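Each ligand, and each atom within it, is numbered from 1 in the order the structure gives. Because only heavy atoms are used, hydrogens play no part in the values below, and waters and symmetry mates are left out as well, while side chains stay in. If you're wondering where the values come from, they're calculated on a predicted model, not measured in any experiment.
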Amino acid sequence: MSDIKIHDKIFEPFISKAKIAEGVKKVAAEINRDYAGKNPLLLGILNGSFIFAADLFRELEIEAEISFIKLVSYKGTSSTGNVVTSIGLEEQLADRHIIIVEDIIDTGKTLHSFMPELQNRKPASLKIATFLTKPDALKYPVKADYNVFEIEHKFVVGYGLDYDGLGRNIPELYILKA
Ligand code: 5GP
Ligand code: MG
């Protein structure tokens, strides 16, 4: 694999297709074990998680459902700050075992602001599965329950993640070249 150019930036190969597949399988095995007989509902956060969610879901051998939501953030009152809410959420979450599926937890801001809305719907349990985390970038108390890769604090593209709209269809993960 060689470097690629997207818009104005150069990216270099970072995690191969084979390594990604292996990592996703491992997380799927944990979910198969933890959720057998519970019919979890996976909630993919659009757009970034759609590839990871599709691959993860196909590795599940247990009874499971999937749905997708888009998060929109708007300005709340001065006491609530920015509020993140979802569109497209039609499923009943009460008493369901929910697994949020994210592409990446960077600062943790998005999920930190959105978790209360999900908690308010009284799920039986609520966990987070993310393809990537950047531990050195984390600023909010968000903890992934399932995490395929921990990566350094650098910008990545591919496998559903974009740089200004492009790069989501690249099957491997690329990282910004210094
Ligand atoms: P957070 O709210 O955790 O700071 O940000 C999460 C969102 O920022 C992700 O869902 C993703 O859309 C975007 N993001 C954070 N880091 C990266 C990155 O390295 N590459 C890409 N393509 N998006 C990122
Ligand atoms: Mg995202």
Is it the case that ligand 1 has an N or O less than 3.5 angstrom from some N or O of Phe155? no

Report yes if Lys134 has an N/O atom closer than 3.5 Å to an N/O atom of ligand 1; otherwise report no. yes

For atom 20 (N) of ligand 1, state which one of Asp164, Leu46, Val156, Thr130 supplies the nearest heavy atom. Val156

Between Tyr174 and Phe11, ring centroids under 6.0 Å: no

For ligand 1 and Ile105, I'd like to know whether there is a polar contact (N/O to N/O, distance under 3.5 Å). no

Classify the ring geometry between Phe155 and Tyr163 as parallel (under 30°), tilted (30 to 60°) or perpendicular (over 60°). perpendicular

Got Leu60 and Asn32 here, is their nearest side-chain heavy-atom distance under 4.5 Å? yes

Can you establish whether the number of heavy atoms outside Glu63 located under 6.0 Å from its atom CD is more than 12? no

Of the backbone atoms (N, CA, C, O) and the side-chain heavy atoms from C-beta on, which set of Lys154 has a member under 4.0 Å from an atom of ligand 1: side chain, backbone, both, or neither? backbone

Would you say Gly108 touches ligand 1, if touching means a heavy atom closer than 4.0 Å? yes

For the atom pair NZ (Lys143) and CG (Leu111), what is the distance rounded to the nearest 0.5 Å? 13.0 Å

For Leu173 and Gly158, the nearest pair of non-hydrogen atoms, with its separation, is CD1-O, 3.6 Å

I need the atoms of ligand 1 closer than 4.0 Å to a non-hydrogen atom of Asp162, numbered in the order shown. 21 (C), 22 (N)

Pick from Val157, Leu176, Thr107, Val142: the one approaching atom 4 (O) of ligand 1 most closely through a non-hydrogen atom: Thr107

Test item: Val148 and Tyr159 side chains (from C-beta on) under 4.5 Å apart, heavy atoms: no

For ligand 1, the portion of Asp103 having any non-hydrogen atom under 4.0 Å away: side chain

Could you list which atoms of ligand 1 come closer than 4.0 Å to a heavy atom of Lys109? 1 (P), 2 (O), 3 (O)

Using atom types as modelled and distance alone, determine if a side-chain donor or acceptor of Arg33 lies under 3.5 Å from a backbone N or O of Ala29. no

If the cut-off is 4.0 Å to any non-hydrogen atom of Thr110, which atoms of ligand 1 fall inside it? 1 (P), 2 (O), 5 (O), 6 (C)

